[in-house]
Protein chains: 2
Amino acid sequence: MDIKSTTTAADIAAHLRERILAGEFAPGARMHQVQLSEMLGISRTPIREALGQLANQGLLVYEPNRGYAVRTFSLAEIEAAFEVRARLEALACGLCARHGLEPAVLARLRACLALGDRILAKGQLEPEDLAPYRAMNVEFHETLLTRSGNAFLGDFVRQCHNVPLASDRVFVWEDHGVIARSHDDHHRILHAIEMRDAERAEALMREHVRFAGFVLMRMLSGTHAEGHRRSA
Amino acid sequence: MDIKSTTTAADIAAHLRERILAGEFAPGARMHQVQLSEMLGISRTPIREALGQLANQGLLVYEPNRGYAVRTFSLAEIEAAFEVRARLEALACGLCARHGLEPAVLARLRACLALGDRILAKGQLEPEDLAPYRAMNVEFHETLLTRSGNAFLGDFVRQCHNVPLASDRVFVWEDHGVIARSHDDHHRILHAIEMRDAERAEALMREHVRFAGFVLMRMLSGTHAEGHRRSA
DNA sequence: TCGACAATAAATGTATCCAAAATAAAAAAA
DNA sequence: TTTTTTTATTTTGGATACATTTATTGTCGA
């Protein structure tokens, strides 16, 4: 369970981050420094630095003289994270539409849409298609964030993105209808960007993220069945 | 130049943060660990932890094997920070209007407005009124952020708030007309919240912050001789 | 049996030491 | 003189040792 020999604090943080998001460290679990240092074969100093980074990224909580623990996110916090994401990704989208995107970037986004189309055209989501679709989805959103020209958006959205991942790992986006609807959003969003319609692109992305949040909340809470209204 | 004897890494980070925002460490300046440890009379270990925290908060930049340096913010980044702030504070404002605020909170906000009214009623901003007005302004915005019920908003906005402060020119809002207009915004914002008009509260706060950003950008991009360092 | 207090164990916080990398400086070659 | 190479110094990164705080547990007393 040791990591590669060239270990810097950032590497350790990334390593632990993966394992936390994978659910290997349960929410609320204490992150003992000596235990981790023995587990990874590294001294406590870089471990501490990595834990501090993760705490500042919001994945761990820290109490003085009591150490770090995996942060637990309430349902309300997950909802709050999606609310913020919706606004920030909408802003990124609007910025992209406003100042326009380079042809190469647009081509890459269109390629994302085409891949999603191919996967969804089967009418059913094969298990082996899940990872490619997720990667495509990440690239689509990340591209808009980075190409918005506003560096804060990406940083904050990534922090928000961790929240549901760290809370519970019992959700899979396997519902074909939900994904198809979400992917249709992508089409309309990119179209609005190409048309340089910032207002529309912004509104579409906001609802797109809010819809994802709604679906996730429904999966996590299990009972909320109230419909999610979408504006055209 | 030493700090209090009970020094934890968080204390050191706060201490350095103050001094960075006060302009004591110029943007781009390297933060030498041994130098800081001698300056503060503390060993390097907690210094390193504090620097890591500040870097994660976005006040410092870190390069492996080259250490930390005070981050420099371009004009575009300052503008970007205001753009994000505008959306996030608008969201906070809308949330407050949507779910309503407790009477005690509303009373506190009204007290803020009253204080601003008293200060502005003089027709001219006295130097001794600047600090109280600024404190009032901070309390007004912070209250809405914390009472929005969305913890991410406060965290992110505070990070954005550091950006213009960390630029090497910090300005005071000395123009009576600008402050009067800004304070009038406060009135209209609170009124919208009291009326539970979330849409309007959101739009007002968005424009309010954007206006502040616009004014600041004008000051920063114009002849920098007009600016005044923040007084201690 | 239950609670309070004390002693032990464990974990965190800090300081110091050593190694590796980077920067600066000095010497050698063109 | 300029460039390159080598050496020395500085600075950061990691490991270990010590101090302080917290948690656990065991004992005593009511």
Side-chain angles (χ1 to χ4, degrees), chain A residues 1-20 24-72 166, chain B residues 1-20 24-72 166:
Chain A
M1 204 59 74
D2 54 343
I3 57 183
K4 56 177 182 277
S5 60
T6 61
T7 50
T8 176
D11 294 332
I12 300 170
H15 177 87
L16 291 177
R17 181 175 170 279
E18 291 292 328
R19 294 175 69 171
I20 291 170
E24 198 165 339
F25 298 96
R30 300 277 298 273
M31 300 291 279
H32 295 282
Q33 299 172 4
V34 286
Q35 179 181 323
L36 289 170
S37 78
E38 289 169 3
M39 180 186 296
L40 300 175
I42 303 170
S43 84
R44 269 178 59 214
T45 309
I47 299 280
R48 282 173 61 92
E49 197 167 331
L51 292 177
Q53 287 183 23
L54 294 173
N56 282 309
Q57 287 172 17
L59 243 71
L60 302 178
V61 289
Y62 168 72
E63 260 185 293
N65 292 320
R66 292 198 50 189
Y68 299 86
V70 180
R71 183 168 171 183
T72 63
Chain B
M1 204 63 72
D2 54 344
I3 57 183
K4 58 176 183 277
S5 61
T6 61
T7 50
T8 176
D11 293 333
I12 299 170
H15 176 85
L16 291 177
R17 180 175 171 279
E18 290 293 326
R19 294 174 69 170
I20 291 170
E24 198 165 339
F25 298 96
R30 301 277 296 273
M31 300 291 278
H32 295 280
Q33 298 173 3
V34 286
Q35 179 180 323
L36 289 170
S37 78
E38 290 170 2
M39 180 187 297
L40 300 176
I42 301 171
S43 86
R44 268 178 59 215
T45 309
I47 300 280
R48 281 169 59 178
E49 196 165 329
L51 291 177
Q53 288 183 24
L54 294 173
N56 283 310
Q57 288 171 16
L59 244 71
L60 302 178
V61 290
Y62 169 72
E63 260 184 293
N65 291 322
R66 292 196 51 187
Y68 300 86
V70 180
R71 182 167 171 185
T72 64

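Computation of the quantities below employed the complete heavy-atom set of this structure, encompassing side-chain atoms and omitting hydrogens, waters and symmetry-equivalent molecules. Not measured: the values here are computed from a predicted model. Every chain is numbered from 1 and lettered A, B, ... according to where its sequence line falls, protein lines coming before strand lines.
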List the atom pairs, with distances to 0.1 Å, where a side-chain N or O of residues 44-53 of chain A and a protein N or O form a donor-acceptor pair under 3.5 Å, not counting sequence neighbours.
{"residue": "A:R44", "atom": "NE", "partner": "A:Q33", "partner atom": "OE1", "Å": "3.1"}
{"residue": "A:R44", "atom": "NH2", "partner": "A:Q33", "partner atom": "OE1", "Å": "3.1"}
{"residue": "A:R48", "atom": "NH2", "partner": "B:E49", "partner atom": "OE1", "Å": "2.7"}

What are the two closest heavy atoms between A:G28 and A:A69, and how far apart are they?
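Smallest heavy-atom distance, with atoms named: O-CB, 4.0 Å.
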
Covered region of DNA chain D, 5' end to 3' end, by chain A [heavy atoms, under 4.0 Å]:
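Footprint of chain A along DNA chain D, 5' to 3': D:dG14 to D:dA23.
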
Interface polar pairs with nucleotides 7-14 of chain C, N/O, under 3.5 angstrom:
{"residue": "C:dT12", "atom": "OP2", "partner": "A:Q33", "partner atom": "N", "Å": "3.2"}
{"residue": "C:dG13", "atom": "OP1", "partner": "A:Y62", "partner atom": "OH", "Å": "2.4"}
{"residue": "C:dG13", "atom": "OP1", "partner": "A:N65", "partner atom": "N", "Å": "3.2"}
{"residue": "C:dG13", "atom": "OP2", "partner": "A:R48", "partner atom": "NH1", "Å": "2.9"}
{"residue": "C:dG13", "atom": "N7", "partner": "A:R44", "partner atom": "NH2", "Å": "3.0"}
{"residue": "C:dG13", "atom": "O6", "partner": "A:R44", "partner atom": "NH1", "Å": "3.4"}
{"residue": "C:dT14", "atom": "OP1", "partner": "B:T7", "partner atom": "O", "Å": "2.6"}

Ring pair (Phe, Tyr, Trp, His ring centres under 6.0 Å): pairs with one or both residues in residues 25-54 of chain B, sequence neighbours excluded
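Non-adjacent pairs meeting ring pair (Phe, Tyr, Trp, His ring centres under 6.0 Å): zero.
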
Going by side chain to side chain contact (heavy atoms under 4.5 Å, CB included), name the residues that satisfy it together with A:E38, two or more places apart in sequence or in a different chain.
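So A:E38 forms no side chain to side chain contact (heavy atoms under 4.5 Å, CB included) with any residue.
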
What residues form a ring pair (Phe, Tyr, Trp, His ring centres under 6.0 Å) with A:Y62, not counting sequence neighbours?
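With sequence neighbours excluded, A:Y62 shows a ring pair (Phe, Tyr, Trp, His ring centres under 6.0 Å) to A:Y68, given in chain and number order.
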
Could you tell me which residues satisfy salt bridge (charged side-chain N to carboxylate O under 4.0 Å, His left out) with A:E18, sequence neighbours excluded, listed by chain and number?
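Expected list: none.
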
Which residues satisfy the salt bridge (charged side-chain N to carboxylate O under 4.0 Å, His left out) test with A:R66, sequence neighbours excluded?
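For A:R66, the residues satisfying salt bridge (charged side-chain N to carboxylate O under 4.0 Å, His left out) (neighbours in sequence not counted) are A:E63.
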
